[in-house]
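These notes are about the structure you will find just below.
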Amino acid sequence: MSQEEHTEPDLALQHPESDARAQRLRKLADLRTANRDPFSVERVERSHRAADITNSAAAHWAMPDADRSALRFVTAGRITAHRLKGKVVFADISDESGRIQVYVRRDDVGEDLFNEFCAYDLGDYAEVTGYPFITRTGEPTLHVVDFHLISKALRSAPIGKTDDEGVVHGGLSDLEMRYRYRHLDLLANQPARDVLIKRCKVVSAMRRFLDDAGFLDVETPVLQVEAGGAAARPFLTHHNALNYDLKLRISLELFLKRLIIGGIEKVYEIGRVFRNEGVSTRHNPEFTLMELYQAYANLEDIMDLVEKMYLFICQQVNGSSTFQFGDKSIDLSLCPWRRLPMLEGIRQYAGIDPDELRTMEMAVAACKRINVSFNLETETTLGGLIEKLHEQYTQPNLIEPTFITDFPVETSPLAKRRQDNSNLARRFEIYIACQELGNAFSELNDPLEQRLRFEEQVQQRAAGDAEAHPMDEDFVEAMEYGMPPTGGLGVGLDRLALVLTGADSIRDVILFPLMRPNRRSIT
RNA sequence: GAGAGCAUAGCUCAGUCGGUAGAGCAACGCCCUUUUAAGGCGUGGGUCCUGGGUUCGAGUCCCAGUGCUCUCACCA
């Protein structure tokens, strides 16, 4: 600790009423003077968590008073409410399990300690020892016989008050504050904690499912010379000692396929990828992607796996096979899920017949006929235009789980072609609650074809498409050593968490979403 | 990247036609020994986002900037 920090309590004593923080510093100094420095505490031996006492109090209520008051429960947590009532004070102590009301009487602890307890601020951490009882108003409560402060909050946290109906008054609702200062969001808002926990359960359930299915959990490089495996612009960085530029990965695909080539038959990675694109309620520049590859499996095997895996995750996270989307209940156990070829969906929802989409000119004419809401000028390929129609017209209708199949091959440079129609890729995407929740291929394993696909992409790049896939000679060479037929899947985990938690924005399921630096961040 | 909106006490928010900056909660003081959005009386607390401009006078009107939100465009 610096000398400057040591002087702060003294400054507070000189200006004791200047502000709330100074008052708290003064209280801290008082505690230190009384040899009860909260920051000297290192360890707390809790016998119960807050919510456990609530249960125990009811269980012990039948005991004779004398026996029950001889019990000693120890718990600790943040003080989230206090109600001083003359010579007795009630306080709420909250930990991760919930909250417990504690009750301190002056006659029990003596005047000095009673006054000290009364001086504790909202946000402080206390350890309390006592026995359970139920108040006249019926609330399980810990009757405190001993306590001490174990950490001091120097700032007043935005802790709201909850009324009988569970409505929180006050608290923290400003979205910028919630995202920028997530610690305040989490300590003030129980729903924020619930979403965090659910998101973690999504990831752990997925890992458990894949581990149990025999997939190997691996890690591959984030820093890459060329960022491939997806259509996106990368972030650039630089290695000083080796003096060359690097890119942050935009997908996991190419390295995982090398593991397949190396003889690993079932492999997956859950990792952060980075795409240098816009920010929205559905996009964050860094997000968590899961990709898996299974040798000897085809597209239908992956569909089967997706149905089983998503059902498992939903059951683990929500405790049932259903989840809420708006006022609808979506049941993931109704297998097999709907399968809809992309062109069929466009016929159904955009009213354009597949025969009208055979050439770029015909497709543009058809789009003009139905007055599409997007800019036709920016579309350079027929496949791109078809995908656009799908996103604009079909996707908003895909509430129940749906596999969209038969993607245009020119937007799928890493997927096999259909044997019976070389314009279509052996690829599907999963849609649930109108969100794209997965993208799968029968992976292209023909190195000669792969080179041609990359060359087409390089041409699109030369024509101005900054997101077209770059040539990756090393990858093509790796494939020339022989890659088994393989099914692959990629899933944006933030989106999956978004849907399963019913969150409004991807920022609700990303703990620290990207924010522009504000004035306080620049020092 | 484009358009619209928002920015006032620690938190949630009012602020009329341009005329001394307001409430609830939180904080501080007093009263209250089973309260619970505890209650009662009293007190303190402001870079009205930043910088210019108009005006006798700006939280309010004008211009520029910053951040956030929403919609659109690109992306998952």
Side-chain angles (χ1 to χ4, degrees), chain A residues 16-24 26-27 81-92 99 101-108 114 119 121-123 133-139 141 143 153-180 184 188 230-233 250-251 273 275-290 373-375 377-378 384 387-388 391 429-431 435-439 465-467 490-496 498 504-507 513 515-522:
Chain A
E17 304 302 332
S18 60
D19 64 18
R21 186 164 177 273
Q23 285 164 359
R24 289 175 181 230
R26 186 164 50 101
K27 290 178 181 176
H82 54 187
R83 297 175 284 279
L84 180 61
K85 194 176 181 300
K87 295 175 184 61
V88 59
V89 60
F90 293 88
D92 288 356
R99 59 169 274 279
Q101 175 171 265
V102 303
Y103 171 63
V104 182
R105 280 166 43 123
R106 193 182 70 173
D107 291 351
D108 292 339
F114 184 74
D121 290 300
L122 292 188
F133 76 111
I134 294 181
T135 63
R136 277 182 206 151
T137 51
E139 175 150 356
T141 302
H143 190 128
L154 296 181
R155 295 173 184 272
S156 63
I159 297 168
K161 291 187 174 187
T162 309
D163 66 20
D164 293 342
E165 278 128 35
V167 179
V168 178
H169 302 263
L172 185 75
S173 59
D174 183 88
L175 285 177
E176 178 176 1
M177 298 273 284
R178 289 188 46 214
Y179 299 148
R180 201 183 285 282
L184 298 181
R233 290 153 69 187
I250 57 173
S251 85
V273 299
R275 298 188 182 177
N276 208 335
E277 299 289 349
V279 176
S280 78
T281 52
R282 307 213 186 311
H283 302 86
N284 195 62
E286 54 179 299
F287 63 99
T288 303
L289 188 61
M290 188 286 292
S373 55
F374 55 90
N375 185 4
E377 310 293 320
T378 57
E387 276 204 40
K388 196 79 181 177
E391 287 167 18
E429 287 187 343
I430 307 127
Y431 289 85
Q435 294 286 329
E436 195 237 285
L437 292 182
N439 181 17
D465 182 354
E467 293 174 356
V491 181
L493 283 183
D494 311 281
R495 289 260 177 98
L496 184 60
L498 178 87
D504 295 324
S505 166
I506 201 138
R507 292 176 163 177
M515 304 285 276
R516 281 194 168 90
N518 65 4
R519 260 186 305 288
R520 292 181 53 189
S521 309
I522 304 166

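- As judged by a 4.0 angstrom heavy-atom cut-off over every strand, Asn276(A) is placed among residues making no nucleic acid contact.
- Heavy atoms of Glu139(A) sit under 4.0 angstrom from at least one base atom.
- Within the 3.5 Å criterion, the main-chain N or O of Glu139(A) finds a donor-acceptor partner in the side chain of Thr141(A).
- Looking at heavy-atom distances under 4.0 Å, Asp504(A) makes no contact with the nucleic acid at all.
- Within the 4.0 Å cut-off from OP1 or OP2 of A27(B), not a single side-chain nitrogen or oxygen of Arg24(A) is found.
- Atom CD1 of Ile159(A) is separated from atom P of A37(B) by 17 Å (rounded to the nearest Å).
- Listed candidates were A37(B), U34(B), U71(B). Nearest to the side chain of His169(A) is A37(B).
- Looking at residues two or more places apart in sequence or on another chain, you find no salt bridge (charged side-chain N to carboxylate O under 4.0 Å, His left out) involving Arg495(A).
- The gap from the C1' atom of A27(B) to that of G46(B) amounts to 15 Å, rounded to the nearest Å.
- Atom CZ of Arg233(A) has 12 or fewer heavy atoms from other residues, nucleotides or ligands within 6.0 Å.
- Atom-to-atom, CZ of Arg21(A) to P of C28(B) comes out at 16 Å; the value is rounded to the nearest Å.
- Side-chain atoms of Gln23(A) lie closest to A27(B) of the nucleotides U71(B), U34(B), A27(B).
- Comparing Glu467(A) and Thr162(A) by the nucleotide of RNA chain B that holds the closest heavy atom to each, the one mapping nearer the 5' end is Thr162(A).
- No hydrogens or angles were tested; on distance alone, a donor-acceptor pair under 3.5 Å links the side chain of Arg83(A) to the base of U35(B).
- Base-pair partner of C41(B): G29(B) (Watson-Crick or G-U wobble, both distances under 3.5 Å).
- U43(B) and A7(B) have their C1' atoms separated by 29 Å, given to the nearest Å.
- A straight line from NZ of Lys85(A) to P of U36(B) spans 8 Å, rounded to a whole angstrom.
- In this structure, Glu436(A) contributes its side chain and Gly438(A) its backbone to a donor-acceptor pair below 3.5 Å.
- Here A76(B) is the nucleotide among U69(B), C74(B), A76(B) with the atom lying nearest to any side-chain atom of Ile506(A).
- For Glu176(A), counting side-chain heavy atoms from C-beta on, the closest listed nucleotide (C68(B), A27(B), U34(B)) is C68(B).
- The main-chain N or O of Arg516(A) is found under 3.5 Å from a side-chain atom of Arg180(A) such that the two form a donor-acceptor pair.
- Legend: residues meeting side-chain contact (heavy atoms from CB on, under 4.5 Å) with Ser173(A), ordered by chain and number and at least two apart, are absent.
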Using a cut-off of under 3.5 Å, enumerate the N/O to N/O pairs linking the protein to nucleotides 7-12 of chain B.
residue	atom	partner	partner atom	Å
G10(B)	O2'	Ser156(A)	O	3.4
C11(B)	O2'	Gly171(A)	O	2.1
U12(B)	OP1	Ser173(A)	N	3.4
U12(B)	OP1	Asp174(A)	N	3.1
U12(B)	O3'	Ser173(A)	OG	3.4

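- Atom CZ in Phe287(A) sits roughly 17 Å away from atom P in C74(B) (whole-Å rounding).
- Aromatic stacking of Phe90(A) on A38(B): not satisfied for centres closer than 5.5 Å together with planes under 30 degrees.
- Residue contacts shown for Ser280(A) are absent, as no nucleic acid heavy atom lies under 4.0 Å away.
- Comparing U35(B), A76(B), A27(B) against the side chain of Gln101(A) picks out U35(B) as the nearest.
- In this structure, the CG atom of Leu184(A) is 18 Å from the P atom of A26(B), given to the nearest Å.
- U47(B) makes up no base pair with any nucleotide shown, lacking Watson-Crick or G-U wobble contacts both under 3.5 Å.
- Among the heavy atoms of the strands, none lies under 4.0 Å from Gly492(A).
- At least one donor-acceptor pair closer than 3.5 Å links the side chain of Asp494(A) to the backbone N or O of Thr288(A).
- Contact annotation for Leu84(A): base contact, defined as any heavy-atom pair under 4.0 Å involving a base atom.
- In this entry G3(B) has C70(B) as its Watson-Crick or G-U wobble partner, both defining distances falling under 3.5 Å.
- Taking only side-chain nitrogens and oxygens, His82(A) never comes nearer than 4.0 Å to OP1 or OP2 of C25(B).
- Using a 4.0 Å heavy-atom criterion, one finds that Tyr179(A) contacts the sugar-phosphate atoms exclusively.
- The distance from atom CZ of Arg155(A) to atom C1' of G45(B) is 16 Å, rounded to the nearest whole Å.
- Contacts of Asn284(A) classified as side chain to side chain donor-acceptor pair (under 3.5 Å), with partners at least two apart in sequence or in another chain: none.
- As a whole-Å value, the separation of Glu277(A) CD from G1(B) P is 13 Å.
- Heavy atoms of Asp121(A) sit under 4.0 angstrom from primed sugar atoms or phosphate atoms, though from no base atom.
- Base pairing annotation: G18(B) forms no Watson-Crick or G-U wobble pair, as no partner gives both donor-acceptor distances under 3.5 Å.
- Under the rule for a ring-ring contact (aromatic ring centres under 6.0 Å, His included), Phe287(A) has no partner lying at least two apart in sequence or in another chain.
- Look at the P atom in both A64(B) and G5(B): the space between them is 13 Å, to the nearest Å.
- Take Phe133(A) and apply the ring-ring contact (aromatic ring centres under 6.0 Å, His included) test, not counting sequence neighbours, and it matches Tyr103(A), His143(A).
- Mapping Tyr103(A) and Glu391(A) onto RNA chain B via the closest heavy atom, the residue that lands nearer the 5' end is Tyr103(A).
- Between the CG atom of Leu154(A) and the P atom of A27(B) there is a distance of 15 Å, rounded to whole Å.
- Only the P atoms considered, U60(B) is 11 Å distant from G19(B), to the nearest whole Å.
- Checked against A37(B), A26(B), G67(B), the side chain of Arg516(A) finds its nearest nucleotide in G67(B).
- If you check C32(B), C68(B), C28(B) against the side chain of Arg180(A), the one that comes closest is C68(B).
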